[in-house]
2 protein chains.
Amino acid sequence: MESQDIKKAGLKVTLPRVKILEILERAENRHVTAEDVYKVLLDGGEEIGLATVYRVLTQFETAGLVTRHRFEGVHSVFELDEGRHHDHILCVRCGRVDEFVDKAVEERQQAIAEQAGYDMTDHCLYIYGICRNCRNGHA
Amino acid sequence: MESQDIKKAGLKVTLPRVKILEILERAENRHVTAEDVYKVLLDGGEEIGLATVYRVLTQFETAGLVTRHRFEGVHSVFELDEGRHHDHILCVRCGRVDEFVDKAVEERQQAIAEQAGYDMTDHCLYIYGICRNCRNGHA
DNA sequence: AATCCAGATGCAAAAGCTTCTCATTTCTAT
DNA sequence: ATAGAAATGAGAAGCTTTTGCATCTGGATT
Ligand SMILES: [Mn+2]
Ligand SMILES: [Mn+2]
Ligand SMILES: [Zn+2]
Ligand SMILES: [Zn+2]
């Protein structure tokens, strides 16, 4: 039950927050912009302001319910944080986003940070390329 | 001689472009914002507009003279492109930026892209953490 | 050295995403 | 049900980056 998560985050369980969380859970593509969320709300007849969408997404991010990405040349993109760290590979032509986890890369990152004298807190690896579809002209 | 590079890029060798390139070459920290560049110009008594700084940096980027980074929570940052690919590790506390190259990571990225069906065109790995100085309270 | 003009610049205005302000509304604990 | 704190909506504001346009300049040509 998702409203538990909202409550656990110390946030009141309000209609906008519940709706936005639902949208994130049901989104066909996991990675959505604030505007994407806002449009779904409008289409659903909800009267929720864009400012609220931004506010709620930011609060969810702070609460660890949501992760924000800043892919190159794209606006902030949000996805449900389900605790499974992963990185991203994006098609620069059609915007498709795929996820991956690579053990070797993860380990190397830790080693690199140590060697540079850093306590690693986070990292992000974005791979950009042309996806199979686009390569085959389906775009 | 740097004005050669400007010319090679098909750009007129103008005072703003020469000055900006000089600033990039002499910068104490390689990674500077447009505003940083602008301030140095002002301090040097140059009457060059911020719009020109942005325009020139973008042209340099297109020409391959400069690389632009979009580190998290920071504005666009530019650095001279000297042909040596590298990735970055940043201190989230003081903003320090270090560079590194890791052969293993580079190879894995290529493999990951292939496996996901992508022709990799680019990638960027940002590691965030706390640098040694900051960990020791020097901040 | 004087002329010419495409390309470059400066300034101000515009974009465009995101955040903030504040009056009003909605939760949720009594 | 009531009250107080928290949240919301609408629009204004913020900020970085880009653009439009009149003016200027580099540099190629006489
Ligand atoms: Mn993801
Ligand atoms: Mn660098
Ligand atoms: Zn594609
Ligand atoms: Zn530091």
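Chain letters run A, B, ... following the sequence lines, proteins first and then strands; every chain starts at 1. All values reported here derive from a predicted model rather than from experimental measurement.
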[X] has an atom [atom1]; how far is it from atom [atom2] of [N], in whole Å?
X       : N      : atom1 : atom2 : answer
A:Arg55 : D:dA6  : CZ    : P     : 15 Å
A:Leu57 : D:dT8  : CG    : P     : 11 Å
B:Asp36 : D:dT16 : CG    : P     : 12 Å
B:Glu35 : D:dT17 : CD    : C1'   : 11 Å
A:Leu11 : D:dA6  : CG    : C1'   : 10 Å

- Message: Can you give me the first and the last nucleotide of DNA chain C (5' to 3') that has an atom within less than 4.0 angstrom of a non-hydrogen atom in chain B?
- Response: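 Range of nucleotides touched by chain B: C:dA6 to C:dA12.
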- Query: Taking only side-chain nitrogens and oxygens of B:Thr58, does any of them come within less than 4.0 Å of OP1 or OP2 of D:dT17?
  - Reply: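 No, outside the criterion.
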- So, is B:Ser76 close to the D:dT17 phosphate, meaning a side-chain N or O under 4.0 Å from OP1 or OP2?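 Looking at the OP1 and OP2 atoms of D:dT17, one of them is under 4.0 Å from a side-chain N or O of B:Ser76.
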- Message: Heavy atoms only, 4.0 Å cut-off, all strands: where does B:Leu15 land among base, sugar-phosphate and nothing?
- Response: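 Result for B:Leu15 = nothing.
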- Select base, sugar-phosphate, or nothing to describe what B:Glu47 touches, counting heavy atoms under 4.0 Å on all strands.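 The residue B:Glu47 makes sugar-phosphate contact but no base contact.
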Under a 4.0 Å N-O cut-off, is there an ion pair linking [X] with [Y]?
X        : Y        : value
B:Lys8   : B:Asp5   : yes
A:Arg84  : A:Glu99  : no
B:Glu107 : B:Lys103 : yes

- Query: Is a donor on one side and an acceptor on the other found under 3.5 Å between the side chain of A:Asn29 and the backbone of A:His31?
  - Reply: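 Side chain of A:Asn29 to backbone of A:His31: no pair is present.
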- Query: Should we count CD of B:Glu82 as having more than 12 external heavy atoms under 6.0 Å?
  - Reply: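 Atom CD in B:Glu82 is packed in, count exceeds 12.
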- Query: Taking it one step at a time, do A:Leu15 and A:Glu46 satisfy side-chain contact (heavy atoms from CB on, under 4.5 Å)?
  - Reply: CA-CA 9 Å; A:Leu15 189 139; A:Glu46 302 293 340; 3.5 Å; yes
- Query: Do the side chain of B:Arg17 and the base of D:dG26 come within less than 3.5 angstrom through a donor-acceptor pair of N or O atoms?
  - Reply: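 Side chain to base: no pair present.
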- Divergence of helical axes at both termini of the helix from C:dA1-D:dT30 to C:dT30-D:dA1 - five pairs an end, 10° steps: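 Here the helix ends are tilted 30° relative to one another.
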- Item | Any side-chain heavy-atom pair of A:His69 and A:His88 under 4.5 Å |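 A:His69 vs A:His88: side chains touch.
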- Quick one: which residue pairs count as a ring-ring contact (aromatic ring centres under 6.0 Å, His included) with a foot in residues 99-125 of chain B, not counting sequence neighbours?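 Checked against ring-ring contact (aromatic ring centres under 6.0 Å, His included) - neighbours excluded - the pairs reaching residues 99-125 of chain B are B:His85-B:His123.
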